[in-house]
Structure formats: structure tokens, C-alpha cells
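Start at 1 and go down the list; that is how both ligands and their atoms are numbered. Keep in mind that the numbers below use all heavy atoms, side chains included, and drop hydrogens, waters and symmetry copies.
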Amino acid sequence: MNSYQPAPGRIDGRGLSIRLGHGSEAFEAVQRLDFAVEPGEFVCILGPSGCGKSTLLGALAGHLVPSSGQLSVDGQAVAGPSPQRGMVFQHHTLLPWRSVLDNVAFGLKMQGQGRTERRRQAREMLQLVGLDEFAGRWPSQLSGGMQQRAEIARVLINRPRLLLMDEPFGALDAQTRARMQELLLDIWASIRTTVVFVTHDIDEALFLADRILVMSPRPGRFIEDLHLDFPRPRRASLLTSPEFTHLKRHCLALLRHEEGRELPRLTPLGLPDTEHPPLRIAL
Ligand SMILES: Nc1ncnc2c1ncn2[C@@H]1O[C@H](COP(=O)(O)OP(=O)(O)OP(=O)(O)O)[C@@H](O)[C@H]1O
Ligand SMILES: [Mg+2]
């Protein structure tokens with residue numbers, strides 16, 4: 001899409017800790033995170049339930065204030081929410097009394113754009129997510145997958161530096177979810193904004209990401225930074241490739257890793273994996 005000009009979108013986190021709760025019940029949800037994300041990178045945050053993934057995303061969105069450390073986007077400290085850092089949750093936030101088109105155009109209305117221009121851009125966004133024929137519908141007239149597509153368009157119309165996604169396909173059935181993953185990659189191929197995508201689904205992370213940051217159980221720390229070089233465009237056949245299975249096994253071992261034990265290391269594909277010897281089937 002030629003008129004789409006994404007801003008850079010580099011993230012820097014230094015010694016980032018986030019405390020939640022109050023008084024004697026306060027605890028560190030994430031602890032001393034050091035990381036950098038390049039502009040345009042597609043990063044998945046993978047970790048067990050309760051490890052602090054949503055907390056970290058909340059800090060990136062500016063909804064939560066870190067208790068220590070620094071968090072900046074393109075060199076500017078994150079201080080409060082901004083349309084420059086758009087968030088997509090598991091459930092959409094479309095306004096039920098506005099048409100799909102007006103929902104998508106809403107961000108531009110907030111910026112003071114005129115009706116004709118904001119509707120033109122909203123139509124462009126709906127085309128990008130494959131919903132141009134549904135512009136005049138109410139959100140309740142869309143399927144779950146279509147609602148999430150409209151939600152993505154609603155966020156992208158602000159040309160965000162960061163697209164933050166918290167298990168955005170978690171409520172969808174398996175087939176719709178797979179289609180949405182491919183669609184998201186197609187969208188990202190044309191707009192190349194930085195994506196931080198939270199999931200606890202290993203297949204989803206491996207299918208989507210350039211890079212997976214794996215978190216330990218609470219308090220969340222990064223225990224792996226996995227760079228994936230599967231060719232793009234990615235299609236379903238990737239899920240059954242030996243490389244994919246190999247990395248999946250490694251991610252599984254990381255998610256099952258217990259505190260105090262040595263962290264599982266990624267062995268090169270083809271070398272014997274001493275931690276996970278091949279299964280023997282008794283005949
Ligand atoms: N407002 C809050 N006050 C107190 N504790 C909270 C609050 N929000 C979350 N928690 C706790 O903080 C920890 C981190 O929560 P968070 O929602 O970030 O985890 P998560 O990795 O996103 O989990 P899930 O995969 O289940 O969504 C959890 O143990 C959770 O119970
Ligand atoms: Mg969560």
C-alpha cells in the first residue's frame with residue numbers, strides 16, 4: 001500500500017521491572033528485562049500463563065508504569081498511551097453503534113481529520129484486511145475473525161510505530177486462527193510496522209515471528225532469544241517441516257523448564273539431542 005508510511009518503531013528496554021498489586025501483596029510481574037527490537041521486526045513473546053506477557057505489553061502500550069528501568073520507543077521514553085502504539089486484544093473494542101467503516105475511521109476523527117478523508121483512508125484499511133465489502137455493516141453482523149480484522153484496521157489507520165497484539169486470535173476456532181495468521185503476515189508484508197505479538201501457543205509464535213523472546217514463569221524474565229529464518233511468505237506446510245519440529249521441541253523444553261535447573265540449549269538440527277533421545281517404541 002503506497003500511501004502507508006509507517007514510522008520507525010524501535011524499542012529499547014533496559015533493566016525493566018514492573019510491580020503489580022499493593023502494599024504487602026505487591027510483587028514483581030516482570031523482572032530486569034533487557035531487550036531491543038529493530039524497526040519493522042515481528043517479535044513474539046512466548047511464555048506460560050501468568051508469566052507477565054500482558055504486563056509487558058501493557059507497559060509498551062503505556063497503560064502500566066515500570067517500577068524500575070527504562071522503556072523507550074524511537075528514543076522517547078514511553079509515558080502514557082498513544083495511538084502510535086496500537087493494541088489489539090483477544091476481544092475487539094469496536095463500538096456497536098457505529099458502522100464498521102466509521103469504527104475504522106474513528107482514530108482519524110479523534111485526530112480532527114475531515115469526514116471524506118477519514119472515510120477514504122478507512123476504506124483503504126478495510127481493503128487491506130479484506131473487509132471492503134463489509135464497510136456498511138454493524139460490528140455485531142461480522143464473524144469473530146472479521147471483527148478481529150476490523151479491529152486490526154481500526155488500529156493500523158493511526159499508522160502506529162508499534163502494533164501490540166495480546167493473543168489476538170485466542171478466541172477463534174483453529175481454522176479461522178490459521179487464516180488470520182496468514183492474513184496478518186500479508187498485512188505486515190505490506191506495511192512493515194514493528195509487531196510485538198503475545199502468545200502461549202508455540203506453533204503460532206514459530207509460524208509468525210522473525211524472533212521469539214521466551215519468558216520464564218513469574219516473575220517473567222527472558223530465557224531465550226530465538227531468531228527464525230524460515231523463508232517468507234510462510235504457508236501451512238512450514239508447520240510440518242523438520243526445522244519447525246526441532247524448534248518446537250526446544251520451545252516446549254523451555255516452557256517446561258524448572259527454576260534452578262540448567263536451561264535447555266538449542267542443539268543444531270541433525271546432531272544427537274542428548275536431552276531428548278529419540279522415542280523407542282516397544283513392539
Ligand atoms: N492488576 C493486577 N493486580 C495483581 N496481580 C495481577 C494484576 N494483573 C495481573 N496480575 C498477576 O500478575 C501476573 C502476570 O499477569 P499477566 O496477565 O501479565 O500474565 P500473562 O503472561 O499475560 O498470562 P496469560 O497467558 O494467562 O494471559 C499473574 O500472576 C497475574 O495473576
Ligand atoms: Mg495475558
Between T93 and R154: side-chain donor-acceptor atoms closer than 3.5 Å
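Short answer, yes.
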Under 3.5 Å, is there a donor-acceptor pair linking the side chains of R177 and Q148?
no
Below 2.8 Å, can you find an N, O or S atom of T55 next to the Mg ion (ligand 2)?
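Under 2.8 Å: T55 has no N, O or S contact with the Mg ion (ligand 2).
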Is there any protein N/O under 3.5 Å from an N/O of ligand 1, and what does the full list of such pairs look like?
unit_1	atom_1	unit_2	atom_2	d
ligand 1	18 (O)	S54	N	3.4
ligand 1	18 (O)	T55	N	2.9
ligand 1	18 (O)	T55	OG1	2.5
ligand 1	19 (O)	G52	N	3.4
ligand 1	21 (O)	C51	N	3.2
ligand 1	21 (O)	G52	N	3.0
ligand 1	21 (O)	K53	N	2.9
ligand 1	21 (O)	K53	NZ	2.9
ligand 1	22 (O)	S54	N	2.9
ligand 1	22 (O)	S54	OG	2.8
ligand 1	23 (O)	G50	N	2.8
ligand 1	25 (O)	K53	NZ	2.7
ligand 1	26 (O)	S49	OG	2.6
ligand 1	29 (O)	R218	NH1	2.7

Which of these, T176, V100, L131, sits in a side-chain contact (heavy atoms from CB on, under 4.5 Å) with M146?
L131
Nearest 0.5 Å, what's the CD-CG distance between Q84 and N158?
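If I round to the nearest 0.5 Å, the distance is 8.0 Å.
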Who pairs with D132 by side chain to side chain donor-acceptor pair (under 3.5 Å), at least two apart in sequence or on another chain?
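Per chain and number, D132 pairs via side chain to side chain donor-acceptor pair (under 3.5 Å) with no residue.
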Is R32 atom CZ crowded by more than 12 heavy atoms from other residues, nucleotides or ligands, each under 6.0 Å away?
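Count not over threshold, so no.
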